[in-house]
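Accompanying notes for the structure given below.
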Amino acid sequence: MAPATRAPRRTVRVLVLLTAVLATIAMTSPAAEARKTTAPATAGRAMWVWTQPAAKTLVDYAKAHGVTDLFLAVPNHLPTSGAPLTWATSVHDLAAPAGIRLQALGGDPGWVDDPAAAVGWETDALSTGLFTGAHVDLEPWQHPQWSTDQAAVVRRYLDTLSQLQAATTLPVEADVAFWLWTITTDDGTPLDTAVLRLVDRVTIMSYRNTATGTDSITDVGATTLARANAAGRPVRLAVETNYLGNDATSAKQTFYGMTQTQLTTALAGVDTAEAGVATYAGVAVQDYDGWTALRS
């Protein structure tokens, strides 16, 4: 007779079969299937759009600069928002024929305290049918408790991402700081790795104004880029174009004060440097207002 603490062989076989069936069901569920078939994006350009420029002006600029993805900031309750919905619809109607995808952009450090609000925003935005996914700029390091109870903020941050992911079958992309790998979760997992396990894509805020070399876009983004590639997650690097300050640290983080040509050359250099990374999806530019303000 088998020991009381060990299941009979027949029971074990049944459990193994049941586990296999459940795994198969999970892999073929609508949510899993949608994410499984999400192919890595090609190395194009993306752009954050926090304001509401004229739809035609925005799309024409995107087309002229090879932008394939627009992250459009949209408010809560988008379907009943009036002017914001009208604007987003106009952008969609002009962008779609040009092959430009739209992602609903939103985020607030306070969402880590209220995941239901984050899910409500996402559900409303994606219900319009205007977007190919959600782009979450949720920066927990801006939360007031980050310096006093970082571990708790990290837990709530990951829970919020998990709930956002579970609430839609469309891709969820998250902005992450390039240094996120230096933070660990309760079980010792690097925070960038934990995020990669929860979302479909990431954009690394690798804010520097040189393409390669020490302390460059590719240098500061290297760790999380490699981890995203290993995980099979499409990954973008990102640059800043807005004014951040006069000190040397701020100046090196942005293309503010430089020219359109200098930015274009740097982005091409990043593409060349990352050409061998299978899931590299190009560079995202922060943002429309800053980019258009650069000197010709």
Side-chain angles (χ1 to χ4, degrees), residues 34 41 44-140 142-143 157 160-161 163-176 199-203 205 236 238 240-243 284-293:
R45 295 283 174 265
M47 180 168 63
W48 282 270
V49 185
W50 293 101
T51 55
Q52 294 183 10
K56 187 175 186 307
T57 302
L58 170 61
V59 174
D60 284 349
Y61 190 84
K63 289 191 292 185
H65 291 80
V67 173
T68 55
D69 293 86
L70 292 173
F71 309 150
L72 293 191
V74 294
N76 294 324
H77 314 300
L78 181 61
T80 57
S81 64
L85 176 62
T86 299
W87 173 75
T89 302
S90 297
V91 175
H92 171 271
D93 292 347
L94 292 169
I100 298 173
R101 297 175 292 266
L102 307 184
Q103 292 184 37
L105 169 61
D108 184 329
W111 277 358
V112 302
D113 302 319
D114 190 5
V119 170
W121 164 83
E122 177 186 72
T123 301
D124 282 348
L126 299 184
S127 73
T128 62
L130 300 175
F131 304 101
T132 60
H135 191 99
V136 184
D137 186 44
L138 177 55
E139 303 182 10
Q142 302 285 0
H143 192 282
Y157 167 56
T160 301
L161 290 179
Q163 292 193 44
L164 285 165
Q165 178 79 310
T168 179
T169 58
L170 293 176
V172 175
E173 181 169 344
D175 292 335
V176 296
V199 300
D200 300 287
R201 305 169 180 170
V202 295
T203 294
M205 294 184 286
R236 309 179 207 267
E240 175 67 84
T241 60
N242 292 289
Y243 175 76
V285 178
Q286 170 83 276
D287 56 9
Y288 172 79
D289 289 346
W291 195 353
T292 56

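Residue numbers run from 1 in the order of the sequence given.
Listed for the W121 side chain is no donor-acceptor partner under 3.5 Å among the backbone atoms of G107. W87 places a side-chain N or O within donor-acceptor distance of the main-chain N or O of P53, the cut-off being under 3.5 Å. Checked by atom type and distance alone, the side chain of D200 never pairs as donor or acceptor with a backbone atom of E173 at under 3.5 Å. A donor-acceptor pair is defined here as one N or O able to donate and one able to accept, closer than 3.5 Å; no such pair exists between the side chain of T68 and the backbone of I100. Between the T128 side chain and the A125 main chain, a donor and an acceptor come within less than 3.5 Å of each other.
With values rounded to the nearest 0.5 angstrom, T51 atom OG1 is found 3.5 Å from D289 atom CG. To the nearest 0.5 Å, atom CD of residue Q165 and atom CD of residue E122 are 8.5 Å apart. In this structure, the separation between CD on Q52 and OH on Y288 is 12.5 Å, given to the nearest 0.5 Å.
Across every non-hydrogen atom of P115 and T160, the tightest pair is CG-OG1, 3.6 Å. Shortest non-hydrogen contact noted between E240 and D287 is OE2-N, 4.5 Å. Scanning both residues, L85 and P79, for their nearest heavy atoms gives CD2-O, 3.4 Å. In plain terms, the two heavy atoms of V172 and L164 that are nearest each other are CG2-O, 4.0 Å. For L78 against P84, the heavy-atom pair with the smallest separation is CD1-C, 4.1 Å. The nearest pair of heavy atoms linking G66 to R45 is O-CB, 3.4 Å.
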(request) Test side chain to side chain contact (heavy atoms under 4.5 Å, CB included) on W50 and Q286 and set out the steps. (result) CA-CA 9 Å; W50 293 101; Q286 170 83 276; 2.9 Å; yes
(request) Step by step, work out the side chain to side chain contact (heavy atoms under 4.5 Å, CB included) result for T89 and L130. (result) CA-CA 7 Å; T89 302; L130 300 175; 3.7 Å; yes
(message) Using side chain to side chain contact (heavy atoms under 4.5 Å, CB included), reason through R236 and D69 one step at a time and then give a plain yes or no.
(response) CA-CA 11 Å; R236 309 179 207 267; D69 293 86; 3.6 Å; yes
(request) Given side chain to side chain contact (heavy atoms under 4.5 Å, CB included), test V74 with F131 step by step and report yes or no. (result) CA-CA 11 Å; V74 294; F131 304 101; 3.8 Å; yes
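At a threshold of 4.5 Å between non-hydrogen side-chain atoms, the residues L105 and V49 do not count as touching. Looking at heavy atoms from C-beta onward, W48 lies out of side-chain contact with T241 at the 4.5 angstrom threshold. At least one side-chain heavy atom of M205 sits less than 4.5 Å from a side-chain heavy atom of D137. The closest side-chain heavy-atom distance from H65 to M47 is not below 4.5 Å. Between V91 and V59, the closest side-chain pair of non-hydrogen atoms falls below 4.5 Å. Put simply, the side chain of L72 does not reach to within 4.5 Å of the side chain of H92, judged on heavy atoms.
Side-chain polar atoms of D124 and N76 form no donor-acceptor pair below 3.5 angstrom.
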